[in-house]
Visitor: 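Take a look at the following structure, please.
A, B, ... follow the sequence lines: proteins, then strands. Residue 1 opens every chain.
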Amino acid sequence: MRYSQAFIPTLKEVPKDAVDASHVLLLRGGFIRMIGSGIYEMLPLGQRVLGRVKSIIRDEMNGAGAQEVLMPAILPASYFQETGRWDLYGDVLLRLKDRKGGDYHLGPTHEEIVTDMVRHQVKSYRQLPLNLYQIQMKYRDEPRPRAGLMRCREFLMKDAYSFDVSEEKAFESYATMRQAYHRIFRRLGLDYRVVQADSGQIGGKTSAEFQILAQSGEDRIVACTACEYAANVEVAETKLDTTVADFSATPAPELVKTPKTKTIEQVAGFFEKDGVGPDRILKSLVFLAPKKPEGKAATVEPAEAPASDFTLVVVRGDHDVNEILVARALGVDEVHLASEADVKRVLGVGPGFVGPVEPKSAVRVLVDHAAAAVSDGVCGANQWDHHLAHVAYGRDFQGEVGHLRLVGEGDACPSCGGKLAAYRGIEGGHIFVLGTHYSAKMSATFLDEHGESKPFVMGCYGIGVTRLMASAIEQHHDADGIRWPMSIAPFQAVVLPLGKDDDVLTEATRVYEALKAAGIDALLDDRDERPGVKFKDADLIGIPLRVTIGARGLKEGQAELKLRAEKDAKNVPLAEVVDAVVATVHAQLGALGGPA
RNA sequence: CGGGGCGUAGCGCAGUUUGGUAGCGCGCACGGUUCGGGACCGUGAGGUCGAAGGUUCAAAUCCUUUCGCCCCGACCA
């Protein structure tokens with residue numbers, strides 16, 4: 001491609017709405033443009049990168065035995081109604097009506113549709129296993145789209161679905177996909193971790209997330225520094241210390257006036273003189289967990305919720321409550337932090353002064369192991385502006401003890417006891433064993449070798465394609481711009497002729513043509529621009545290899561070869577520069593584990 | 001949905017407090033000089049000031065309503 005004919009609208013200034021590196025650089029580099037909140041169009045450069053990501057995914061999916069299909073983005077309501085997700089999905093589902101008033105929606109994911117496809121066409125165990133995938137736009141009316149391509153309302157997703165005769169076989173399909181995902185993420189040049197995860201609304205019991213490590217990531221994960229254990233903090237475990245407080249030497253509880261000390265920080269500040277840190281403060285949070293009718297969103301008016309719907313959860317001041325674990329302990333789907341008004345109504349005192357010692361109402365009390373181990377703690381006194389010092393679980397308050405907190409940096413690995421390290425991650429892929437969750441609801445069955453009718457055992461496997469494109473930038477950029485991995489760069493090499501000298505342009509064009517002939521995807525910056533502009537643009541859009549040809553070098557028969565990711569350039573005889581580029585491109589692709 | 005911020009030329013912004021006929025930088029067009037890290041000089045095109053209503057002799061500016069975007073939180077594959 002000749003730059004003079006290319007549509008690459010780079011920006012010198014940072015668009016004001018962009019914050020994260022990937023967002024800023026995709027906009028500045030002329031890769032994408034926003035059309036509405038969470039809705040973007042791909043400009044030529046973006047489309048090129050996307051094409052490369054897609055082709056790597058296709059390559060590995062096909063290699064793993066999956067077959068590509070394409071399902072509609074616009075779907076009649078009946079399929080999601082069949083499994084109940086028409087109601088469950090709530091506002092996230094983008095709904096529309098056709099001219100006759102019929103209900104439709106844009107597909108947020110396609111389990112129902114693919115299950116329908118298979119139930120109509122597959123009748124025998126002889127036709128299994130089957131793995132079907134598509135790369136297609138997904139639509140979710142996110143409560144808050146953000147960070148450019150990271151969280152969009154329209155986004156490109158690769159979603160695959162496996163169908164097997166048994167749970168055992170389904171796990172084999174799952175393992176195959178897991179391996180394929182490893183190859184895909186590696187070829188994309190991403191630093192990632194596979195972590196245990198919550199299965200969320202999709203359903204199913206076994207799942208793993210492919211988390212791309214990045215400071216800007218929305219997810220928090222922990223990984224063991226000594227073994228393979230890694231998990232999303234939502235489900236992370238730790239080697240539990242189930243020691244219970246030894247209060248034999250603990251003084252009697254003492255009511256202390258603590259005006260205006262509501263937060264842990266303030267309480268710790270107040271009791272600092274007594275040597276009490278956050279790890280000796282008992283934090284009490286009130287959760288509302290109404291049992292909700294099957295398949296319906298919670299309808300209980302908070303103002304009417306009885307005390308029995310509230311739960312007091314006690315954790316150490318330096319710990320955070322894991323709401324998923326609380327919900328699990330209570331046997332409900334989800335819990336919500338109670339409103340301030342509810343807390344006052346039920347416990348007679350506001351947040352900050354609530355405690356587990358003789359609460360005003362008979363609320364259920366759950367105590368985290370670590371909090372139960374505090375032998376001389378401080379907690380809210382259930383009176384305005386008062387805390388209780390010298391309290392201990394077992395003596396001053398009771399409750400059901402369990403694992404309720406978010407695991408974090410420094411906690412003990414549940415599998416080997418080593419130290420866990422905390423990271424932030426971007427969820428790039430998520431793989432699930434679904435079991436018969438969808439097939440049973442949709443009567444999707446086959447006949448096994450005994451002539452018996454059985455539901456398909458399914459798995460599903462997603463990759464956020466557009467999100468991966470942004471993730472790659474989060475991991476590969478510097479102050480000058482993007483540093484694309486060779487495998488997904490919009491061009492593999494850029495040839496920069498400098499100056500107005502006709503001989504320079506002639507020679508640069510010769511090199512460019514030779515690169516193309518050698519199978520290199522090259523860009524020739526033949527624009528009538530000053531050198532600085534060409535350098536800046538090349539760095540910004542992140543082309544991995546740069547061949548610079550100037551008047552001085554040309555006289556000496558030299559070109560300059562520079563890797564975007566490295567600081568220094570080196571001179572290469574013009575006669576050898578094409579070979580050098582070809583060798584470097586192949587070496588880098590090979591290093592990423594792809595075909596060279 | 002709660003909190004905060006912002007909508008003025010393609011992009012980034014000033015002007016709003018104290019109403020008076022819309023400005024700067026970049027980009028764009030033309031001419032000239034320049035040419036290895038986003039050059040310089042000159043000329044020029046480009047704006048229903050997010051939208052609607054109101055106050056006023058006069059509204060980007062004041063009042064009301066509304067739409068949109070971003071950030072934090074809630075929520076979320």
Side-chain angles (χ1 to χ4, degrees), chain A residues 9-20 23-24 27-28 30 33-39 85 88-93 107-111 138-148 150-153 155-160 197-204 207-211 216 218-219 232 234 297-298 302 323-324 334-337 339-340 426-432 434 460-467 479-481 496-501 504 525 527-540 546 548-554 559-560 562 569 571:
Chain A
T10 57
L11 301 170
K12 215 185 268 191
E13 289 179 282
V14 181
K16 79 169 172 337
D17 287 339
V19 175
D20 289 340
H23 192 190
V24 169
L27 289 170
R28 283 196 57 209
R33 211 173 68 89
M34 186 174 82
I35 280 303
S37 176
I39 306 171
R85 290 212 288 187
L88 271 179
Y89 246 101
D91 291 336
V92 173
L93 212 53
T109 174
H110 282 75
E111 281 79 10
K138 293 285 185 279
Y139 298 86
R140 295 183 191 174
D141 195 356
E142 293 283 349
R144 190 180 150 205
R146 76 187 90 171
M150 277 305 171
R151 180 167 293 278
C152 289
R153 296 198 292 176
F155 61 102
L156 196 65
M157 178 167 172
K158 187 286 302 176
D159 47 323
D198 185 52
S199 296
Q201 277 182 10
I202 292 269
S207 85
E209 288 172 344
F210 281 67
Q211 288 279 356
S216 62
E218 294 180 293
D219 292 345
N232 192 306
E234 290 175 351
E323 296 189 15
I324 291 178
E334 53 186 322
V335 295
H336 296 283
L337 205 53
S339 69
E340 191 165 336
I426 299 163
E427 184 185 353
H430 202 157
I431 58 177
F432 303 77
L434 294 173
C460 74
Y461 318 92
I463 289 182
V465 184
T466 33
R467 181 182 279 183
D480 293 318
L496 284 197
L498 298 186
K500 292 237 173 195
D501 194 332
V504 168
D525 195 346
R527 293 177 299 171
D528 180 17
E529 288 287 356
R530 296 164 61 84
V533 173
K534 295 187 180 185
F535 284 133
K536 289 290 183 187
D537 275 337
D539 286 346
L540 176 60
R546 188 181 81 196
T548 310
I549 298 172
R552 283 205 301 271
L554 186 60
E560 182 188 275
K562 181 180 176 300
N571 287 319

Visitor: Taking 5.5 Å and 30° as the limits, would you call Phe432(A) and the base of rA77(B) a stacked pair?
Guide: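 The ring of Phe432(A) is not stacked on rA77(B).
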Visitor: Provide the distance between the two P atoms, one in rU43(B) and one in rU48(B), to the nearest whole Å.
Guide: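 Here rU43(B) and rU48(B) have their P atoms 25 Å from each other.
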Visitor: Taking CE from Met150(A) and P from rC70(B), how many angstroms apart are they, rounded to a whole number?
Guide: 15 Å
Visitor: On RNA chain B, check which nucleotide each of Gly462(A) and Asp20(A) is closest to and give me the residue with the more 5' one.
Guide: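 Looking at the nearest nucleotide for each, Asp20(A) comes out on the 5' side.
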Visitor: Between rG10(B) and rG46(B), how far apart are the two C1' atoms, rounded to whole Å?
Guide: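 Taking atom C1' in both rG10(B) and rG46(B), they lie 9 Å apart.
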Visitor: Could you check whether atom CG of Asp91(A) has more than 12 heavy atoms from other residues, nucleotides or ligands sitting under 6.0 Å from it?
Guide: no
Visitor: Base, sugar-phosphate, or nothing for Val92(A), non-hydrogen atoms under 4.0 angstrom?
Guide: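 Nothing: the residue Val92(A), judged by heavy atoms under 4.0 Å, touches no strand.
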Visitor: Taking only side-chain nitrogens and oxygens of Ser37(A), does any of them come within less than 4.0 Å of OP1 or OP2 of rG68(B)?
Guide: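 So the side chain of Ser37(A) is outside the cut-off, no N or O lying under 4.0 Å from OP1 or OP2 of rG68(B).
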Visitor: Does rC1(B) have a Watson-Crick or wobble partner in any strand here, with both distances under 3.5 angstrom, and which is it?
Guide: rG73(B)
Visitor: May I ask you to verify whether the side chain of Arg146(A) and the base of rC70(B) hold a donor-acceptor pair under 3.5 Å?
Guide: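 Checked by distance alone, the answer is no.
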Visitor: In the structure shown, which nucleotide is the Watson-Crick or G-U wobble counterpart of rG42(B), with both distances under 3.5 Å?
Guide: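 rC30(B) - that is the nucleotide pairing with rG42(B), both distances being under 3.5 Å.
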Visitor: Please check if any side-chain donor atom of Asp537(A) sits under 3.5 Å from a side-chain acceptor atom of Thr10(A), or the reverse.
Guide: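 Yes, Thr10(A) and Asp537(A) have a side-chain donor paired with an acceptor closer than 3.5 Å.
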Visitor: When rounded to the nearest 0.5 angstrom, what is the spacing between CG in Asn232(A) and CD in Glu209(A)?
Guide: 4.5 Å
Visitor: Determine the interatomic distance between P on rG19(B) and the same-named atom on rG15(B); round to the nearest Å.
Guide: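 Per the computed distance, 16 Å lies between those P atoms.
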Visitor: Please work out if Ala538(A) contacts a base, only the sugar-phosphate, or nothing of the nucleic acid, heavy-atom cut-off 4.0 Å.
Guide: nothing
Visitor: Indicate the atoms forming the closest heavy-atom contact of Arg28(A) with Leu540(A), along with that distance.
Guide: O-CD2, 3.4 Å
Visitor: Work out how far the C1' atom of rU64(B) is from that of rC71(B), and round it to whole angstrom.
Guide: 27 Å
Visitor: Between rG50(B) and rU61(B), how many Å separate the two C1' atoms, rounded to a whole number?
Guide: 16 Å
Visitor: Nearest whole Å is fine: how far is rC69(B) P from Ile35(A) CD1?
Guide: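 Taking atom P of rC69(B) as the reference, CD1 of Ile35(A) is at 12 Å.
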Visitor: Evaluate Met150(A) against His23(A) for side-chain contact (heavy atoms from CB on, under 4.5 Å), listing each step before the verdict.
Guide: CA-CA 8 Å; Met150(A) 277 305 171; His23(A) 192 190; over 6 Å; no
Visitor: If you assign each of Gly36(A) and Arg151(A) to its closest nucleotide in RNA chain B, which residue comes earlier from the 5' end?
Guide: Gly36(A)
Visitor: Can you tell me how far P in rU56(B) sits from the matching atom in rC63(B), rounded to whole Å?
Guide: 16 Å
Visitor: Touch check for Pro15(A), heavy atoms < 4.0 angstrom, all strands: base, sugar-phosphate only, or nothing?
Guide: sugar-phosphate
Visitor: Would you list the protein and nucleotides 23-25 of chain B atom pairs, both N or O, that sit under 3.5 Å from each other?
Guide:
from: rG25(B); atom 1: N2; to: Glu13(A); atom 2: OE1; distance (Å): 2.6

Visitor: Each nucleotide in nucleotides 27-39 of chain B should get exactly one letter: B, S or -. Can you fill that in based on protein heavy atoms under 4.0 Å?
Guide: S------BBBBBB
Visitor: What integer number of Å spans the C1' atoms of rG27(B) and rC13(B)?
Guide: 14 Å
Visitor: Round to the nearest Å and state the distance from His430(A) atom NE2 to rC76(B) atom P.
Guide: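 Roughly 14 Å, once rounded to whole Å.
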